Amino acid sequence: MRSSSNPAFRNLPQGQGYATFDRSGGMDAGMGAAYADAQGAPVDPGRAGVAARPITIDDIVTKTAITAGTAIVTGTLTVVSGLYGLALPAFIVGFIVSLVLIFKPHLAKAPLVLLYSAAMGVALGGISGLLNDVYPGIALQAIVGTAGVFIGMLIVYKTGAVRVTPRFTKWLLGAMVGVIVLLLFNLVMSLFGINTGLRDGGPVAIIFSLLIIGVAAFSLLLDFDQADKAIRAGAPATLDWYIAFGLMTTLVWLYIEILNLLSYLRN
């Protein structure tokens, strides 16, 4: 049985076989949530009941677009207003909400999911605004880069160029654990004033950032697969906001790392 590297998607119902985004019907705590490698409370909605409408790809696309759009709007307003000081409190709010949704997935409805998205939008807007003042145009480049990776990985998934197999999942989960360990190691060393080179903008930092972007990008494949399983399992449509939240956590992580990489290259 395959499971996503995204802790949010571990709570989705598990289908069988290789998923294909509902071919019969058409068509990712921000970074903190992506790093929070915790097992949430299991959710097994099963198939939609007689009175419940099963989830469709349109539900997922619509809710994901609303969630991402909310983050873009709040992020843009933060940059335009220059209220960069809101970044830290907004990130804390987003991180707390993400943990609540991961451990209490039944609360994943529009209010909390959009609160998470709005908070992370403000946080990313503040960070992007500060960097954009130093490196003009970097925020737009990061947005375009994130969108490009998302579309590219969706094409890879749809064409089956990279199949989401149990072996692939194990490899990716191992890579994510390695990344998390290195990040924690760098954090601890920095507290003692020791520079590991992983975040100083040098050659090693650039390579490490590319590695993280690669892991985050391939994590999208697992996220697509988990969403696909929900559709194939006939899960209820009420799960759409939860899936949108899961995708958003990966996108936030990806955007932050692309922003980091661009700042290194500009330096």
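Note that the coordinates shown come from a computational prediction; the quantities given were computed from them, not determined experimentally.
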List the atom of I66, the atom of L114, and the distance in Å for their closest heavy-atom pair.
CG2-CD2, 3.9 Å
To the nearest 0.5 Å, what is the distance between CG on L221 and CD on Q226?
12.0 Å
Y157 and D225: side-chain contact (heavy atoms from CB on, under 4.5 Å), yes or no, with the steps?
CA-CA 8 Å; Y157 179 81; D225 188 56; 3.4 Å; yes
Evaluate the side-chain contact (heavy atoms from CB on, under 4.5 Å) criterion for residues F150 and I155: first the C-alpha distance (whole Å), next the side-chain angles of each, then the deciding distance (0.1 Å), finally the verdict.
CA-CA 9 Å; F150 180 84; I155 292 175; over 6 Å; no
Test log, rule side-chain contact (heavy atoms from CB on, under 4.5 Å), inputs K170 and L173
CA-CA 5 Å; K170 291 179 180 179; L173 291 176; 5.8 Å; no
Look at the aromatic rings of F245 and Y242 and report parallel, tilted or perpendicular, splitting at 30° and 60°.
tilted
Are Y84 and V122 close enough that some pair of their side-chain heavy atoms sits under 4.5 Å apart?
no
Between OG1 on residue T146 and CG on residue L254, distance to nearest 0.5 Å
5.0 Å
Hey, does the side chain of T249 reach the backbone of G246 with a donor-acceptor pair shorter than 3.5 angstrom?
yes
Could you tell me whether the side chain of D133 and the main chain of L130 form a donor-acceptor pair under 3.5 Å?
no
Using side-chain heavy atoms (C-beta onward) and a distance below 4.5 Å, is I231 in contact with I60?
yes
Please tell me if the side chains of P236 and R53 come closer than 4.5 Å, counting only heavy atoms from C-beta onward.
no
Taking all non-hydrogen atoms of both residues into account, name the closest pair between V215 and L172 and its distance.
O-CD1, 3.9 Å
With a 4.5 Å limit on heavy-atom distance, are the side chains of T76 and I72 in contact?
yes
Is V156 reachable from L210 through a run of I, L, V, M, F, W or Y residues, each pair having side-chain heavy atoms under 4.5 Å apart?
yes
For I138, is there any backbone N or O sitting under 3.5 Å from a side-chain donor or acceptor partner on N132?
yes
Quick one: does NZ or CZ of K63 land under 6.0 Å from the six-membered ring centre of W241, within 45 degrees of the ring axis?
yes
Looking at CD1 of I194 and CZ of F185, how far apart are the two atoms once the value is rounded to the nearest 0.5 Å?
7.5 Å
Separation between CG (L261) and CD1 (I207), nearest 0.5 Å, reads 11.0 Å
Residue pair F91 / M120: nearest heavy atoms and the distance that separates them
CD1-CE, 3.6 Å
Residue of the set I212, V149, I143 for which side chain to side chain contact (heavy atoms under 4.5 Å, CB included) holds with I258
V149
Do M153 and F224 have side chains that get closer than 4.5 Å, going by heavy atoms?
yes
With hydrophobic residues grouped by side-chain heavy-atom distances under 4.5 Å, do L131 and V134 end up in a single group?
yes
Side chain to side chain contact (heavy atoms under 4.5 Å, CB included) test vs M248 passes for just one of I243, T70, T67, namely T67
Hey, is the main chain of G193 close enough, under 3.5 Å, to the side chain of S190 for a donor-acceptor pair?
no
F95 with L86, same ILVMFWY side-chain cluster at under 4.5 Å:
no
With N186 as reference, evaluate L191, V181, T196, D200 under the side chain to side chain contact (heavy atoms under 4.5 Å, CB included) test and give the passing residue.
T196
What are the two closest non-hydrogen atoms of L198 and Y264, and how far apart are they?
O-OH, 4.3 Å
Are L112 and V73 linked, directly or through intermediate hydrophobic residues, by side-chain heavy-atom contacts shorter than 4.5 Å (ILVMFWY only)?
no
Same apolar cluster (I L V M F W Y, side chains within < 4.5 Å links), W171/L211:
yes
Going by heavy atoms in the side chains, are L259 and S128 under 4.5 Å from each other?
yes
Taking atom types as modelled, is there a side-chain donor on S263 or N260 under 3.5 Å from an acceptor on the other?
no
Return the minimal non-hydrogen interatomic distance between A87 and G126, and the atom names on each side.
CB-CA, 4.0 Å
On a heavy-atom basis, which atom in F208 and which in L182 lie closest, and how many Å separate them?
CE1-CD1, 3.6 Å
Value rounded to 0.5 Å, distance of CZ in R232 from CD1 in I55
14.5 Å
Do the side chains of L183 and R199 get nearer than 4.5 Å, heavy atoms only?
yes
Are F218 and I213 side-chain neighbours, meaning at least one heavy-atom pair lies under 4.5 Å?
no
Any chance you could measure L265, atom CG, to L262, atom CG, to the nearest 0.5 Å?
6.5 Å
